[in-house]
Amino acid sequence: MIYFDNSATTKPLAEVAELVSNDLQSDDLWGNPGSLHELGTSAYKAYINAKEDIASCLFVREQELVFTSCATESANTAIVGFLRRNKRNGRTIISTKTEHRATLSVLERLSNEGYTVKYINVDRNGKPDLNELSNAIDGDTSLMCFTHVNNETGAILPLNEICEIRNQKNRNTALYVDFVQSAGKLKLNLKELNVDLASFSAHKFHGLKGCGFLYVKNGVKIDPYILGGGQQNGFRSGTEAVYLYRSTALALKRSQEDIDEHYDQVSKINDYLRNELSKRKATILSPEDALPYVLNVSFDGFESETMLHCLERYNIYVSTISACSSKTKKISYVLEAMGVDRKLATNAVRLSFSRFNTMEEAKIFIEKIDEIYELFALR
Ligand code: PLP
């Protein structure tokens with residue numbers, strides 16, 4: 001099997017599966033971290049240790065992290081929680097049309113509730129127009145929501161420039177960033193990046209589904225989204241799932257080891273594929289300076305889904321981003337916002353890599369693409 005769909009989800013590490021299996025059988029970890037007896041205390045310690053491990057990977061403090069069930073929950077909590085708590089900060093939110101649905105759906109609801117949402121245009125490389133951003137921020141701008149690495153194209157956000165503009169225009173404007181596709185692939189120093197709220201998802205870096213976390217910078221106040229027993233310092237109620245948190249901490253720690261070597265290896269795979277595909281009937285849609293872990297490519301003569309199923313016959317897994325229905329052909333809203341030609345967008349396929357992909361797999365991929373074109377030419 002060749003798995004080039006790592007932006008959708010990643011295979012959990014064997015070590016993670018082993019840890020969870022051992023934890024579930026351990027007599028020290030199944031207690032309720034809120035219980036006052038020894039069983040509770042050992043579970044509580046394990047929960048705090050997991051937070052500390054994650055915090056040290058991201059250069060933040062353990063108290064600044066909240067575990068959630070996924071990045072979607074983190075996004076909902078961050079955006080709604082911040083606005084609810086900081087009503088006097090303003091009623092305007094700034095974002096782009098290329099955000100993940102986890103953000104866009106929340107913004108749509110807030111807009112229906114009376115918030116003003118300003119969407120900054122992005123260019124052909126998926127970068128927000130910084131002049132437009134600068135003009136858009138005013139005294140009423142409470143929050144900005146952006147994605148560090150776009151899940152469809154790998155486009156990287158100019159985060160430092162955005163922070164600078166924010167600092168010049170309105171220091172009170174909070175910055176929420178979705179780090180789902182960059183965590184485990186880029187070294188992230190959240191303190192230096194100067195963001196206020198950030199979301200993460202374990203299943204995107206070889207951890208398990210069902211666990212995400214949210215960073216809330218020290219001093220930033222949010223209302224909790226999930227109310228109940230007041231766990232996690234009241235930020236997110238519900239009994240802490242210690243085994244999930246420990247698995248997330250292990251997966252993140254492992255992703256940091258040899259992170260530069262893995263980046264180089266994936267860059268070589270990406271370069272090779274860009275080069276070989278460009279010689280064939282394909283157009284690269286990802287920007288030149290995109291994160292190499294994502295490669296969006298349009299195959300001439302093949303609608304996205306057709307190519308996906310052709311590749312599937314060779315046990316090669318990729319992703320489509322345009323949804324086809326019998327009547328209307330919907331193209332990816334991200335590519336549409338970037339101004340990509342409709343025909344190219346209709347044929348777009350996303351290849352997304354992990355540190356476990358090899359150059360050998362990339363070569364087989366190209367061989368199979370050639371075979372697919374030959375087979376169809378014969379028809
Ligand atoms: N943000 C981005 C950029 C994503 O790619 C995804 C998942 O595809 C999410 C958020 C949502 O993540 P989760 O599956 O943890 O809710």
Side-chain angles (χ1 to χ4, degrees), residues 3-12 16 54 65-81 95-109 122 126-128 144-157 159 175-186 188 190 193 195 197-215 225-226 236 238 241 244-245 247-249 251-252 255 286-287 290-296 317-323 332-335 337-338 348-354:
Y3 186 71
F4 282 169
D5 197 14
N6 290 280
S7 288
T9 196
T10 55
K11 186 177 177 188
V16 163
I54 293 173
L65 297 176
V66 183
F67 285 111
T68 60
S69 63
C70 59
T72 301
E73 186 193 324
S74 301
N76 276 260
T77 307
I79 299 169
V80 176
S95 190
T96 73
K97 287 276 187 197
T98 57
E99 303 308 304
H100 190 271
R101 293 294 318 164
T103 295
L104 288 181
S105 303
V106 180
L107 298 185
E108 275 161 26
R109 177 177 282 184
V122 300
K127 303 238 193 280
M144 298 197 289
C145 304
F146 293 112
T147 302
H148 192 212
V149 169
N150 184 275
N151 51 301
E152 291 193 18
T153 62
I156 302 174
L157 188 75
L159 196 44
L175 178 58
Y176 160 73
V177 179
D178 173 327
F179 283 99
V180 169
Q181 296 293 347
S182 51
K185 297 166 188 155
L186 291 175
L188 298 175
L190 287 192
L193 287 174
V195 300
L197 298 152
S199 58
F200 299 84
S201 180
H203 75 99
K204 308 287 187 177
F205 50 81
H206 306 281
L208 300 182
K209 288 164 200 66
C211 191
F213 57 94
L214 169 64
Y215 162 74
Y225 197 71
I226 294 182
R236 201 269 194 178
L244 274 181
Y245 309 158
S247 70
T248 299
L252 189 64
S255 74
S286 284
L291 190 77
Y293 285 81
V294 184
L295 184 61
N296 193 313
Y317 298 104
V318 299
S319 186
T320 62
I321 30 220
S322 50
S332 142
Y333 65 84
V334 171
L335 297 178
M338 284 164 60
V349 167
R350 177 187 68 188
L351 316 179
S352 51
F353 315 110
S354 81

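Hydrogens, waters and symmetry mates are skipped; everything else that's a heavy atom, side chains included, is used. First listed ligand is number 1; within each ligand, the first listed atom is number 1.
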Quiz item: Any chance CZ of Arg109 has more than 12 other-residue heavy atoms, nucleotides or ligands included, within less than 6.0 Å?
Solution: no
Exercise. Count the heavy atoms belonging to other residues, nucleotides or ligands that lie under 6.0 Å from NZ of Lys11, then report whether that count exceeds 12.
Key: no
Where is the nearest protein heavy atom to [atom]: which residue, which atom, and how far?
atom: atom 5 (O) of ligand 1; result: Gln181 NE2, 2.8 Å
atom: atom 16 (O) of ligand 1; result: Thr72 OG1, 2.5 Å
atom: atom 4 (C) of ligand 1; result: His100 CD2, 3.2 Å
atom: atom 15 (O) of ligand 1; result: Ser201 OG, 2.6 Å
atom: atom 1 (N) of ligand 1; result: Asp178 OD2, 2.5 Å
atom: atom 12 (O) of ligand 1; result: Ala71 CB, 3.4 Å

Quiz item: Heavy-atom contact under 4.0 Å between His203 and ligand 1?
Solution: yes
Quiz item: Closer than 4.0 angstrom: is that true for some heavy atom of Lys204 and an atom of ligand 1?
Solution: yes
Quiz item: How long is the gap from CD on Gln181 to CG on Leu291, to the nearest 0.5 Å?
Solution: 8.5 Å
Quiz item: Taking atom CG of Leu175 and atom CG of Leu159, what is their separation to the nearest 0.5 Å?
Solution: 6.0 Å
Exercise. Step by step, work out the ring pair (Phe, Tyr, Trp, His ring centres under 6.0 Å) result for Phe4 and Tyr317.
Key: CA-CA 6 Å; Phe4 282 169; Tyr317 298 104; over 10 Å; no
Quiz item: Looking only at N/O atoms, are Cys70 and ligand 1 under 3.5 Å apart anywhere?
Solution: no
Quiz item: Under 3.5 Å, N or O to N or O, is Ser7 touching ligand 1 that way?
Solution: no
Practice problem: For Tyr3 and Thr10, test the side chains for any donor-to-acceptor distance below 3.5 angstrom and give the result as yes or no. | Solution: no
Quiz item: Between Glu108 and Ser105, do the side chains contain an N or O donor and an N or O acceptor separated by less than 3.5 Å?
Solution: no
